[in-house]
Structure formats: structure tokens, C-alpha cells
Peer 1: 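Before I ask anything, here is the structure I am working with.
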There are 2 protein chains.
Amino acid sequence: MEKKEEELVGVKEIARLAKVSIATVDRVLHNRTGVSVKTKEKIQQIIKELNYQPNIVARTLASRKKLRFAVIIPAVSLETAFWQAPLNGIVQAESAFRQYGIVVEKFLFDQNDRKSFIEQAKLLLRKEFDGVLLAPMFVEESIQFVGQCQLRLIPVVNINSDLPGQDGLAYIGPDLYQSGYLSAHLISYLVKPDESILLVNISRELDNDHHLMRKEEGFRAYWQKKKAVNEIIKTDIQQTDLPAIKKQLSKHLKNSSIRAVFVTNSRVAAVAKVLEELERTDLLLIGFDFLEDSIAYLKKGVIDFLICQKPQEQGYLGMKALYDKLVLHQEIQKNQFMPIDIITRENYVFYNN
Amino acid sequence: MEKKEEELVGVKEIARLAKVSIATVDRVLHNRTGVSVKTKEKIQQIIKELNYQPNIVARTLASRKKLRFAVIIPAVSLETAFWQAPLNGIVQAESAFRQYGIVVEKFLFDQNDRKSFIEQAKLLLRKEFDGVLLAPMFVEESIQFVGQCQLRLIPVVNINSDLPGQDGLAYIGPDLYQSGYLSAHLISYLVKPDESILLVNISRELDNDHHLMRKEEGFRAYWQKKKAVNEIIKTDIQQTDLPAIKKQLSKHLKNSSIRAVFVTNSRVAAVAKVLEELERTDLLLIGFDFLEDSIAYLKKGVIDFLICQKPQEQGYLGMKALYDKLVLHQEIQKNQFMPIDIITRENYVFYNN
DNA sequence: CCTATATTCGGGTACGTACACGAAAATTTA
DNA sequence: TAAATTTTCGTGTACGTACCCGAATATAGG
């Protein structure tokens with residue numbers, strides 16, 4: 001017996017019941033000064049009784065103040081187009097929220113160059129913002145940056161990669177550990193006990209390894225839990241150019257027991273290219289992210305699975321979290337883990353990102 | 001060299017430039033009568049030049065007219081909780097759009113009883129609505145219903161299952177054929193050439209079979225394309241109670257070549273229960289939808305994969321399509337296929353529905 | 001050319017909230 | 001107790017658009 005049809009009441013009605021003016025109700029709503037304790041309590045009582053919900057439409061129309069959001073994420077690079085997707089989500093949110101008085105400014109850094117991050121962060125802090133969306137690629141620097149924001153009381157939302165210690169307002173992105181765990185599970189279906197698995201980390205900056213290491217942990221945890229006997233061979237490739245990758249891979253691939261290759265990030269396309277050149281497309285290949293290059297190899301059957309975590313949605317939801325917090329004054333969820341999507345040759349067409 | 005910072009102009013500015021009043025501009029914007037051709041053209045010209053975007057916030061505040069949406073979908077039944085999810089999405093949209101003057105009324109029918117659908121449809125048509133969200137479970141009746149709506153110029157959005165001939169404004173749901181195709185692909189990884197596959201359709205009403213048949217088509221198409229030699233054994237189960245299912249399944253399971261069981265809808269939980277009772281959990285089991293019962297069997301390892309297509313999002317997006325069309329006057333996409341999500345024991349926790 | 005009717009247009013108010021400004025009441029100070 | 005302050009509160013306008021009502025203008029009819 002819930003009451004469904006709550007009468008839509010406004011400040012006017014509250015004012016009438018409390019025998020005060022609209023302005024006084026408004027003061028209580030925004031708890032500004034200038035209201036005696038007695039009337040304040042009376043009004044709050046009525047607000048609660050009526051279960052008053054402010055009219056957001058009228059509120060945004062009347063409120064002329066602009067909210068300024070800053071976005072600090074890696075620029076799209078030639079090496080990987082990954083950050084295009086979150087950026088798209090951010091732009092989408094931007095145009096959706098423009099009507100509500102949100103202004104967005106973007107600070108893009110080079111994910112291979114921590115100095116460029118420091119620089120952009122400094123630029124950002126020089127201006128005034130009400131909220132920040134951050135992709136914390138460089139752990140140390142990001143923690144410092146978040147500290148600065150907290151001093152200024154600016155809420156920070158992290159996307160794509162969490163920050164050890166979890167400082168910000170919220171994190172929106174993959175559960176990295178589980179991503180690795182799931183990859184192992186998938187592979188377990190496809191390899192026999194005597195076959196081994198090559199785990200490949202490709203990254204220039206060691207700091208990104210927070211990302212990769214969490215995935216690797218999850219990956220190993222699976223085999224451990226299952227008490228599987230498969231050998232896991234690991235290789236770190238710090239030179240991200242193709243010849244270097246080829247050289248290092250072909251060395252390992254001499255080991256004929258290897259049946260599957262697991263690449264811990266979006267560089268799987270490069271590995272696919274190498275495998276193709278080496279005529280080893282018989283191997284199972286699993287990697288991350290929905291990138292054009294990777295999809296091409298998925299189509300050809302060189303890559304078998306891609307694991308993807310809605311990068312565009314990460315961008316959109318990150319912005320929405322700031323909006324919900326700062327405009328609607330809602331409590332927002334601390335961790336918003338993205339679903340773990342498995343992309344195959346058959347379903348990639350329907351993966352909207 | 002795009003211009004990014006379009007000055008936010010309003011009707012007032014347009015009126016000033018055209019040397020007319022705001023009301024006249026308003027008439028042109030809504031192409032109401034009472035404006036001479038000459039001034040109308042002049043105003044339209046200016047509107048185009050300024051790339052005027054109406055302020056939705058102010059518009060919804062000023063416009064007192066309520067839009068009425070009707071929803072006609074199956075009720076949640078004891079047999080399957082599937083429709084709870086789309087309903088949740090719809091309720092979510094309802095509360096999100098309430099502020100914008102949207103009123104929703106729901107008409108729930110029994111998906112095992114076509115008469116109840118006809119009845120609810122009749123009730124619906126007796127009232128006045130601006131838009132309809134429909135789950136076309138009964139093909140014939142739904143086509144007729146959509147025809148009635150079109151006569152009344154009411155846009156209809158279909159969810160979860162499309163209508164052959166595609167009458168409505170839009171379809172939001174799975175690409176059924178591809179879902180079947182993908183299932184086949186998944187299974188192909190897991191069976192050897194000499195092993196066969198049991199395809200199980202469980203449904204009381206033949207009409208739902210539009211749904212199931214499309215999936216089956218896709219499923220078969222895969223094997224055909226791959227020229228696989230695996231035998232596919234099909235069984236239709238029209239009595240949906242457990243004993244009946246058990247009887248029919250155990251008959252087939254005597255065939256020892258069967259390695260995998262593919263259930264074409266959410267009834268996979270019932271099959272899982274049967275397999276457990278028959279102590280045949282060694283078989284690979286694949287089915288559809290993220291339901292509590294199914295998840296339990298997924299956890300236990302009885303079910304290996306579930307294919308899921310964001311039922312809650314279907315409900316939400318269906319409502320949003322109506323909103324976009326009727327409030328924002330946007331063109332909306334004719335087909336919005338849901339991604340094909342593959343749920344395993346490892347990632348189900350992160351599937352937010 | 002004058003009235004009658006149709007056409008074209010502008011003024012003004014409303015939607016629900018935010019906020020500036022100033023008035024009234026309560027309190028302190030002299 | 002009057003004046004000076006502080007506290008408390010109400011009036012009024014604005015946000016950008018929708019739409020009612022009536023005024024001005026154009027067209028038709030005699």
C-alpha cells in the first residue's frame with residue numbers, strides 16, 4: 001500500500017503551510033543564514049513531511065551559476081587509439097550537460113611522458129574548477145595531484161585505473177584483478193594440461209604496471225586456485241616497436257609447448273601482427289580493448305578473444321558522477337566497476353562503443 | 001577551425017534581429033498559424049544562421065503539457081523472472097523523466113495467455129497516449145495492435161523481440177540471429193568433431209517461437225558455414241513443468257555422443273536442475289539471460305555460459321527513445337541492437353543489471 | 001469610403017526556483 | 001528609552017520559453 005502518486009509540491013506550498021515567504025523556504029533549502037532556529041525547524045519538518053523534491057528543471061533555469069569540470073586524461077596517440085573512446089564519452093556528456101550549465105575543459109597528456117602529466121596538472125590547478133575527472137596513469141604524480149585537489153576541496157573522479165589508497169570521490173573502470181582472472185578462465189577452456197601459456201606485458205613506462213600487474217595477479221590466481229599444472233611463461237617487453245616485439249616473441253615461441261598467448265593490454269594487435277608474420281596464427285591469442293587494429297585481427301581469426309570494459313561509458317559515467325554529485329547533490333557510488341565484456345569474431349559488430 | 005563556443009542565443013535575440021516580438025518567433029518555431037509568409041521566412045533564416053538550439057530546460061518548465069506513455073509487456077511470472085529487469089529499467093526511466101512531465105501507465109499481460117494480451121491492448125487503446133512501449137510476444141496480435149496505434153498516430157517502440165515487417169518507430173533488443181550464431185561459435189571451441197549437440201526449445205506458446213526460431217536459425221547457420229560435421233539434435237518441449245522436461249531430456253541424453261546442450265531461452269535453469277538430478281553436470285550447458293536461478297547453476301558449474309542482452313537497458317532505452325522522439329523531437333535510430341554479453345562464473349558479479 | 005471579417009502580430013503572465021535588496025523585528029548599545 | 005546594530009524575513013525580478021488575449025493591420029464586402 002505505497003502511496004505512488006505523490007502530489008508534486010513546490011516551495012510555494014511549503015511557504016504557505018509554514019506561513020512564511022518563499023525566500024525563507026529557499027534559505028532553509030540551501031541552509032543559508034538568516035533564518036531563526038524556530039522557523040528553520042518548522043520548515044524542515046514540513047519539507048520532510050511533504051517529501052519535497054526540488055524541481056531540477058526550474059532550479060537549473062533559475063541558477064545562473066556555471067559549473068566548471070576539468071578532464072585530465074592521456075591524449076590519443078599513434079601507438080594506441082584507446083583514449084579516443086573515453087574522450088568520446090566525455091564529449092557526449094559535455095553536450096548533454098551543456099544545457100545544465102556545465103563547462104568542460106580538457107587537459108591531455110602524453111602517456112609515455114610523465115613530465116607532460118605534471119605540466120598539464122599544473123596548468124589545471126592554476127585555474128578554478130568545481131570537479132576533476134582523472135585517468136591516473138602515473139601513480140605517484142596522480143596521488144600528489146589528487147592531494148592538491150583535496151586541499152582545494154575539489155572532488156576527483158578516477159577512471160580506467162584506480163589509485164592505490166583510493167583517494168578520490170569515485171572510481172569508474174575495470175576491476176583489474178578480475179579481468180586477469182577471467183582471461184585465465186577463458187584460456188583454461190582451451191588448453192590441455194601439458195600445454196603452456198605465454199603471458200606478455202608490453203609497456204614502456206614502468207608506472208603503468210600498476211594496471212598490468214593487477215591483471216597478472218588475477219591471471220595467476222586463477223591457475224593457482226584451480227591447481228592447474230600449465231606452465232606460465234612471462235615476458236616483459238619494454239621496447240614497444242614492432243621489431244623488438246617480434247624478436248622477443250620469436251625467442252619464446254621456439255618453445256613448442258606454448259599454446260596460448262595472453263597480452264595484458266591493448267598492444268595485442270602488435271602481437272597479432274607478429275604472429276601473423278611468424279605464421280603462428282594457430283596459437284590462441286587473447287588481449288584487451290576494442291581497437292580498430294585488434295578488431296581486424298579478430299576478424300581474421302588471429303586474435304581469439306578481446307576483453308573490453310566499455311571505455312566510452314567510463315568517460316560518460318565519470319562525467320555523470322561529477323554531475324550527480326555537484327548538480328543533483330546525490331551520493332555517488334564509490335566504485336563503479338565496468339562489466340567484463342568478451343568480444344569475439346561473432347559479436348564485435350554489436351559492441352557499441 | 002571549427003567554431004566551438006557558439007554563443008547561446010535565445011528567442012529574444014532572434015526577435016530582436018527580426019524586429020518582431022518573441023511571440024512571433026515562438027509561432028514560427030512551433031509552426032503555428034498567424035504569421036505572414038514573409039516574416040516567417042525571415043525568422044527561419046535567422047534561426048538557421050544563428051543555429052538556434054532551444055533551451056530544453058526552459059521549454060519543459062514553461063510547457064505544462066504532460067506526455068503520457070503506455071507500456072505493455074509481460075508480467076513477471078513465477079516461471080521466469082525475466083521481465084523484472086526490463087520493468088526495472090522502465091521504472092528507472094519513469095522516475096528520471098517525471099520531472100519533465102512524463103506520465104507512465106503500465107499494462108501487464110500473461111505471456112502464456114494471448115487473450116490477456118488482447119485484453120490489455122484493448123484497455124490501452126481506450127485511453128489517450130502519446131507513445132507506446134511494446135514487447136511483441138504474440139506476433140499476430142501485436143501487428144494488429146501496432147496497426148491500431150498507427151491509425152491514432154501514436155509512435156510504438158518494440159523491445160526484446162522485433163516484429164517481422166518492422167512496423168514500429170524503433171526496435172531495441174537483441175539481434176536474435178546473431179545470438180544463436182554466437183552460441184554456436186562458443187560451443188565450437190569446446191566440442192570435438194565427433195561429438196553432437198542437443199538444441200532445446202522450451203516454450204508453451206508456439207508464437208514465442210519467432211524468438212526461438214531466429215536464434216535456432218543463427219545457430220545452425222554457424223555450423224553450416226563452418227562445414228562442421230557435428231550432429232545437432234533438436235528437441236521442442238512444450239510442457240514447461242520440470243517432470244516433463246526431465247522425461248524428454250533423459251530420453252535424448254541416452255545418446256552418449258552428446259557433449260553440449262544449448263537452450264534457446266531463459267529456461268536453461270530448469271535444464272540445469274534436470275542435469276544435476278541426472279548427474280550429467282559434465283555436459284556443457286549454454287543458455288540465455290541473467291536470472292537468479294541460472295546464476296546459481298552458473299556458480300556451481302552446471303551452466304557454463306549465459307548469454308545476456310541487457311534487459312534492464314532495453315527497458316530504459318525504450319523509454320528514452322520515446323522521450324527523445326516526443327520531447328526532444330530528435331530522430332531516433334530504427335534498430336538499436338544490444339551487445340551480446342557472455343556471462344561466466346567469473347564475470348557475473350560485475351554484470352550490472 | 002466605411003464597416004465587417006480575417007489575418008498578423010505584440011504585451012504580458014506563467015512555469016518553479018534563485019537571489020538581490022530592503023523592510024521589519026529583535027537585540028544590543030549608549 | 002532612543003538609537004544603533006544585528007537578525008530575520010518578504011517583495012520583486014530574473015532565467016528562457018509557452019501561450020492567452022487583445023490590439024493593430026490587412027482584406028473583403030457593401
Side-chain angles (χ1 to χ4, degrees), chain A residues 6-44 46-47 50-67 97-103 326-329, chain B residues 6-44 46-47 50-67 97-103 326-329:
Chain A
E6 303 265 353
E7 279 304 312
L8 251 0
V9 296
V11 282
K12 206 190 292 178
E13 175 71 0
I14 296 172
R16 196 181 59 82
L17 290 174
K19 298 195 225 309
V20 295
S21 75
I22 292 178
T24 303
V25 176
D26 191 68
R27 288 185 183 94
V28 173
L29 280 173
H30 295 81
N31 54 262
R32 283 189 228 111
T33 59
V35 185
S36 69
V37 182
K38 210 177 98 188
T39 51
K40 180 169 182 173
E41 277 171 356
K42 183 159 91 182
I43 291 173
Q44 280 172 331
I46 293 173
I47 287 175
L50 295 183
N51 184 31
Y52 165 74
Q53 301 291 116
N55 183 327
I56 309 278
V57 176
R59 170 171 290 182
T60 42
L61 180 62
S63 168
R64 253 139 313 164
K65 78 158 105 52
K66 300 256 172 244
L67 281 183
F97 297 153
R98 197 198 327 274
Q99 300 255 4
Y100 303 95
I102 307 282
V103 181
L326 294 168
V327 179
L328 308 184
H329 300 289
Chain B
E6 301 266 350
E7 280 303 312
L8 252 358
V9 296
V11 282
K12 206 189 291 179
E13 175 71 1
I14 296 172
R16 197 180 59 80
L17 290 174
K19 295 193 228 307
V20 295
S21 75
I22 292 178
T24 303
V25 175
D26 190 67
R27 282 188 259 268
V28 173
L29 281 172
H30 295 77
N31 55 263
R32 283 189 229 113
T33 58
V35 185
S36 69
V37 181
K38 211 177 97 187
T39 49
K40 181 170 183 174
E41 278 171 357
K42 181 158 90 181
I43 292 173
Q44 280 172 330
I46 293 173
I47 287 174
L50 293 184
N51 184 31
Y52 165 74
Q53 301 291 116
N55 183 326
I56 308 279
V57 176
R59 169 170 291 182
T60 43
L61 180 61
S63 167
R64 252 140 313 162
K65 78 159 97 75
K66 301 257 174 236
L67 281 184
F97 297 153
R98 198 198 324 276
Q99 300 254 6
Y100 303 96
I102 307 280
V103 181
L326 293 168
V327 179
L328 308 185
H329 300 289

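A, B, ... follow the sequence lines: proteins, then strands. Residue 1 opens every chain.
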Peer 1: Counting only non-hydrogen atoms, which of residues 23-41 of chain B are less than 4.0 Å from DNA chain C?
Peer 2: B/Ala23, B/Thr24, B/Arg27, B/Gly34, B/Val35, B/Ser36, B/Thr39

Peer 1: Here's a test of your reading of the structure: between B/Val20 and A/Gln53, which maps to the more 5' nucleotide of DNA chain C?
Peer 2: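 Final value for this comparison: B/Val20.
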
Peer 1: For B/Arg16, which residues count as a side chain to side chain contact (heavy atoms under 4.5 Å, CB included) partner, sequence neighbours excluded?
Peer 2: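 Side chain to side chain contact (heavy atoms under 4.5 Å, CB included) check on B/Arg16 returns B/Glu13.
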
Peer 1: With sequence neighbours excluded, tell me which residues meet side chain to side chain contact (heavy atoms under 4.5 Å, CB included) with B/Ile56.
Peer 2: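 Listed in chain order: A/Gln99, B/Thr60, B/Leu328.
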
Peer 1: Using side chain to side chain contact (heavy atoms under 4.5 Å, CB included) as the criterion, list what pairs up with A/Lys12, not counting sequence neighbours.
Peer 2: A/Ile22

Peer 1: Only one of B/Thr24, B/Leu29, B/Asp26 passes side-chain contact (heavy atoms from CB on, under 4.5 Å) with B/Val11; say which it is.
Peer 2: B/Leu29

Peer 1: How would you list, by chain and number, every residue that makes a side chain to side chain contact (heavy atoms under 4.5 Å, CB included) with B/Ala18, sequence neighbours excluded?
Peer 2: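 Applying side chain to side chain contact (heavy atoms under 4.5 Å, CB included) to B/Ala18 gives B/Val20, B/Lys42, B/Ile43, B/Ile46.
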
Peer 1: Taking for each residue the nucleotide of DNA chain D with the nearest heavy atom, is it B/Val57 or A/Ser21 whose nucleotide lies nearer the 5' end?
Peer 2: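 On the 5' side of the pair lies A/Ser21.
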
Peer 1: Let me spell it out: for each of B/Lys19 and B/Arg64, pick the nucleotide of DNA chain C with the closest heavy atom. Which residue's pick is nearer the 5' end?
Peer 2: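 Nearest nucleotide further toward 5': that of B/Lys19.
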
Peer 1: Does a side-chain heavy-atom distance below 4.5 Å link A/Lys40 with A/Asn31?
Peer 2: yes

Peer 1: How close do A/Gly34 and A/Arg27 get, counting heavy atoms only, and between which atoms?
Peer 2: O-CD, 4.2 Å

Peer 1: At the 4.0 Å heavy-atom cut-off to chain A, mark where contacts on DNA chain D begin and end, going 5' to 3'.
Peer 2: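 Extent of the interface on DNA chain D: D/dT8 to D/dG16.
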
Peer 1: Closest approach of B/Val28 and B/Gln44, non-hydrogen atoms and distance?
Peer 2: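 Where B/Val28 meets B/Gln44 most closely, the heavy atoms are CG1-CG, 3.7 Å.
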
